[in-house]
Amino acid sequence: MYCTSLLPSTRYFRYSDRLDDKDGPLEGAPDWLIEISSPDQSTLDLQNKILHCLSNGTELAWLIDITRQQIWVWLGDDLPVVRSAEDILPTLGDLPELTVNAVMTMTRR
């Protein structure tokens, strides 16, 4: 089973060689998975989706909890860490430094 069967809110593929000209869903685990929880979603279901992708090659996962203004972060095989406020978030690629507050502001746009 691929992670594409469990479509995340956002996914990031670091290497362009994983992309091709074929139409259809991308196969395999994304390098970076971002889930945004909504009040009607089960946090446990979202965590199960994240754990499935991590076990299939995803390197970094965020679970954004807008209600609590927190982001759960999974990095590799480490246990999740809850970040909030001005905590700096790990990213992949050449992105500028992001804090939880900055991400929360982006979700309101």
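Note that the structure is predicted; figures quoted are calculated from it, not measured. Quick note: numbers below take in every heavy atom, side chains included, and nothing from hydrogens, waters or symmetry partners.
- Nearest approach of Ala29 to Cys53, heavy atoms of both residues: CB-O, 3.9 Å.
- We find the CD-CD distance between Gln47 and Glu35 to be 11.0 Å, quoted to the nearest 0.5 Å.
- By the criterion of side-chain heavy atoms lying less than 4.5 angstrom apart, applied directly or through intervening Ile, Leu, Val, Met, Phe, Trp or Tyr residues, Val81 is not grouped with Ile50; the two fall into different hydrophobic clusters.
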Hey, can you pull the donor-acceptor pairs under 3.5 Å for the side chains in residues 65-78, sequence neighbours left out?
from: Asp65; atom 1: OD1; to: Thr67; atom 2: N; distance (Å): 3.2
from: Asp65; atom 1: OD1; to: Arg68; atom 2: N; distance (Å): 3.0
from: Asp65; atom 1: OD2; to: Arg68; atom 2: NH1; distance (Å): 2.8
from: Gln69; atom 1: NE2; to: Ile66; atom 2: O; distance (Å): 2.7

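- Donor-acceptor pairing under 3.5 Å is lacking for the side chains of Asn101 and Thr99.
- Considering CG of Leu98 and CZ of Arg83, their distance stands at 13.0 Å, rounded to 0.5 Å.
- Evaluation of the salt bridge (charged side-chain N to carboxylate O under 4.0 Å, His left out) test over residues 95-105, restricted to residues two or more places apart or in two chains, returns none.
- Under the 3.5 Å distance criterion, the side-chain polar atoms of Thr58 are left unmatched by any main-chain donor or acceptor of Leu60.
- With hydrogens and angles ignored, the 3.5 Å screen pairs no side-chain donor or acceptor of Asp45 with any backbone N or O of Ser42.
- Cluster annotation: Val82 is not connected to Leu44 through the hydrophobic network of ILVMFWY side chains, with a link wherever side-chain heavy atoms come within less than 4.5 Å.
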Open item on the list: side chain to side chain contact (heavy atoms under 4.5 Å, CB included), that's the test. Do Leu89 and Trp62 meet it? Break it down for me.
Closed with: CA-CA 9 Å; Leu89 297 162; Trp62 291 358; 3.6 Å; yes

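- Side-chain atoms of Ser37 and Ile64, non-hydrogen and from C-beta on, never get closer than 4.5 Å to each other.
- A continuous path of Ile, Leu, Val, Met, Phe, Trp and Tyr side chains, each step under 4.5 Å between heavy atoms, connects Leu92 with Val100, placing both in one hydrophobic cluster.
- Residue Ile36 is grouped with residue Met106 when hydrophobic side chains (ILVMFWY) are merged at heavy-atom distances under 4.5 angstrom, including chains of intermediate members.
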